[in-house]
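Below: the structure, in structure tokens.
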Amino acid sequence: MKMTIGANIKRLRTAKELTQEQLSVAMNVTCAAVSKWERGETYPDITLLQPLAYYFGVTLDELMGYDQEKIQAEIDDVIALYRKHWKNRLPEAREIIVKAHRDYPDDYWIMHYYMWNIGGDMADNDPAVLLAHKDEFLAICEKILGGCTEENLRLGAWNMRAKILHAEGKTEEALEIYRTKFTDWFSTSGQKTEQLFAKDTSEYYFHVQKNMYELADFAADKLGRTVFFDPAHSIEEKAERALRYGALLQHAFEETEDAFFLMLANSFLGRMENDLCYRGGTDEQIIAVMDKNLYATKRLEECRAGNDALHHAFDRYSPDVRENFFQFNLNNRLHATEGRRAELLKNPAYTAVLEKYR
């Protein structure tokens, strides 16, 4: 939060048609002190804040330029900017969140994003980085657990504590945090929401369908990770499996017209394409898997229009993704500016596939 007290003192003094000397006499300070306040070089002593507010006829918040709604809007904007850069793997993301943490050190969401950006995101964390920032991260966790009521952020703090314990070699203590602080698969909000309704009601059918689609998305992502990180297979074999599984899922959809298979295909192929792109796949492998992935994503988007449960299975995504899932995914490839995606845009075969779906 940027302090604007100096500018406010100057504005209030000018409105009352007072000179700096007259204000200095009233506050029993030097004229030079008032001049430094107004230039933002120093701040008034804390004992002068209440007298200054009374003298000008304003509240302390007004004197200090503290506008909660304005500050929250600034925080929301900087978080949105950070998320956009982070999602597109842009290096500016770190600069944005580091500055935000410096400007708004007490905002829980900014603490959360800052900690996980420095810590290397939720997976594949470097133990050396976690240990280097251990004291800072644990202090952030303490703040979140001590004052924040948002469960996602509290769980994020517990997660970081567990990761630091693991980095210290205390893996059993880390696992105990996951066993006691996190729910199991069968105690999730989705499962409990589904169980709220009688099984012969439309509400039950809606929620069981929505849960099915969300779990398909989740499970297919795990399938992609299982295939890609299987040490028994070469990168060529992994790419071949991606295409074979994708074809089977596409065929299952064409036979049944059930969007469940498209959700599986979209998630599985998306995971495989991403790992091929950033973990050693060739251009040809990435292009072939991307083609199948975009087909599944496009058909899935079309199915959302007439399927309320499928449509709401995307509620957990941000509005820009939720509004048009297919277009968001296509744009991420079309407008890549850095990294492997940007390099792929130089390949005519890659851009030809994108143009086919544009």
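In this chain, numbering begins with 1 at the start of the sequence shown.
Screening W109, Y113, Y104 against Y82 for a ring-ring contact (aromatic ring centres under 6.0 Å, His included) leaves a single residue, Y113.
By the 4.0 Å N-to-carboxylate-O rule, E355 lies close enough to R358 to be salt-bridged with it. Checked for salt-bridge contact, K346 and D283 miss the test: no charged N lies under 4.0 Å from a carboxylate O. The pair R340-E343 does not count as a salt bridge, with every side-chain nitrogen at least 4.0 angstrom from each carboxylate oxygen. A salt bridge does not link K210 to E194: none of the charged side-chain nitrogens sits closer than 4.0 Å to a carboxylate oxygen. Between K238 and E273 there is no salt bridge, since no side-chain nitrogen of the basic residue lies less than 4.0 Å from a carboxylate oxygen of the acidic one. Salt bridge annotation for E237-R244: absent, with no cationic side-chain nitrogen under 4.0 angstrom from a carboxylate oxygen. Ion pairing between a basic and an acidic side chain is recognised when a charged N comes within 4.0 Å of a carboxylate O; E95 and K99 show no such pairing.
Here the closest heavy-atom approach between residue H233 and residue D230 is recorded as CD2-OD2, 3.1 Å. Contact record, E338 with L90: OE1-CD2, 4.2 Å, taken as the closest heavy-atom pair.
The closest side-chain heavy-atom distance from Y357 to T297 is not below 4.5 Å. Counting heavy atoms from C-beta on, the side chains of L344 and C277 come closer than 4.5 Å. In this structure, the side chains of I79 and D107 come closer than 4.5 Å at one or more pairs of heavy atoms. The shortest distance between side-chain heavy atoms of L23 and Y55 falls below 4.5 Å. For the pair N329 and N293, the minimum side-chain heavy-atom distance is 4.5 Å or more. The shortest distance between side-chain heavy atoms of F182 and N159 falls below 4.5 Å.
The aromatic rings of H207 and F197 sit parallel, their planes meeting at an angle under 30°, below the 60° perpendicular limit.
Within a 6.0 Å radius of NZ in K356, other residues, nucleotides and ligands contribute more than 12 heavy atoms.
Relative to the ring axis of W86, R83 does not place its NZ or CZ within 45° and under 6.0 Å from the centre. A cation-pi contact, defined as under 6.0 Å to the ring centre and within 45° of the axis, links R304 to F314.
A chain of hydrophobic side-chain contacts below 4.5 Å, direct or via other Ile, Leu, Val, Met, Phe, Trp or Tyr residues, connects L153 to I118.
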